[in-house]
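Have a look at the structure below, then the notes.
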Amino acid sequence: MYKALQSCAIMALFLLVAPTFAADKADDTVALITLENGATVRLNSDFTWEYVFLTPQASSTTTEGQATENQGTETVQTQANTQAEQASQPVAKVQQPVVIASGPVVGGAMTASAMDHANLLRSTAKGGAKVSYLKSQWDGEGRLGLTFELSSNSEENYVIIEMEIGLYADSGELIKTETVNVWQAIFRVPETYLRKGQTRDSETFWIEGVDKARWSKELMTLKIIDMSSR
């Protein structure tokens, strides 16, 4: 229930601040907000949102209000502070200006901050559909099996949801990246579509080349990269 309320609050704030921004063609970030639990969330111009993390390098070498392109940082400025402060029960404070790194992964490795919040990276959402890591298992051949849970509050009936999985060693080093159809319906069989209000489990995806001894922390990143509906 808390997560649902949090998501609603994030989208409500998005609608509040969105008109005051012009999204850059090369960057669809509309605003960054800090939730009451301290997590930073990026609001995108396509009405999606995602968690982001400040890296030690960005916080120690970049001053507020400045961004260096060759360090992979970006600056977002907002004029919504006054509006946010006037809300009767504000759930987040809009940062102005904000300097962040490109995300939880820098130079092919997961940042220390991302590793501390690894549970937040085990789910992703787009277009009203959410995908969350459910469980893992190993087979006799040493392959890693991953299963995910999908849910939807969208009016769309999804037949294909393509997702990118990044798998990271306990040290934060990238092991490999896999792209899977985390949801694949059967053509012209409506009962196999992912519909509004449904929660469904994916099939188990078997991935080779992952050392079980290096993956005890189950570090991963998930990103929906394509969706198809009917």
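Positions are given from 1, in the same order as the sequence printed here.
Under the 3.5 Å distance criterion, the side-chain polar atoms of T192 are matched with a main-chain donor or acceptor of I186.
Of all heavy-atom pairs spanning L146 and Y133, the tightest one is CD2-CE1, 3.9 Å. Closest non-hydrogen pair, S229 versus Y158, comes out as CB-CD2, 3.9 Å. Closest heavy-atom contact between S136 and L144: CB-CD1, 3.9 Å. Annotation for Q198 and R195: closest pair OE1-N, 2.8 Å, computed over non-hydrogen atoms.
Applying the side chain to side chain contact (heavy atoms under 4.5 Å, CB included) test between I161 and each of L194, D226, I225 identifies L194 as the sole match.
Distance CD1/I160 to CE/M227: 11.5 Å, rounded to 0.5 Å. How far OH of Y193 is from OG of S228: 9.5 Å, rounded to the nearest 0.5 Å. To the nearest 0.5 Å, atoms CG (L150) and OG (S123) are separated by 11.5 Å. Note that CD of Q137 and CZ of R143 are 10.0 Å apart. Values are rounded to the nearest 0.5 Å. Note that OG of S202 is 9.5 Å distant from CD of E149, once rounded to the nearest 0.5 Å.
Under the 30°/60° scheme for interplanar angles, the aromatic rings of F148 and F205 are found to be tilted.
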Task: Residues E218, R122; criterion side chain to side chain contact (heavy atoms under 4.5 Å, CB included); working and verdict - done: CA-CA 9 Å; E218 300 187 338; R122 296 190 183 108; 4.1 Å; yes
Scan the side chains in residues 163-176 for donor-acceptor partners under 3.5 Å anywhere in the protein, sequence neighbours excluded, and list what turns up.
{"residue": "D170", "atom": "OD1", "partner": "S216", "partner atom": "N", "Å": "3.1"}
{"residue": "D170", "atom": "OD1", "partner": "K217", "partner atom": "N", "Å": "2.9"}
{"residue": "D170", "atom": "OD2", "partner": "S216", "partner atom": "N", "Å": "3.3"}
{"residue": "D170", "atom": "OD2", "partner": "S216", "partner atom": "OG", "Å": "2.5"}
{"residue": "E173", "atom": "OE1", "partner": "R214", "partner atom": "NH2", "Å": "3.1"}
{"residue": "K176", "atom": "NZ", "partner": "E178", "partner atom": "OE2", "Å": "3.1"}
{"residue": "K176", "atom": "NZ", "partner": "E208", "partner atom": "O", "Å": "2.6"}

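Side-chain contact annotation: T204 with T147, donor-acceptor N/O pair under 3.5 Å present.
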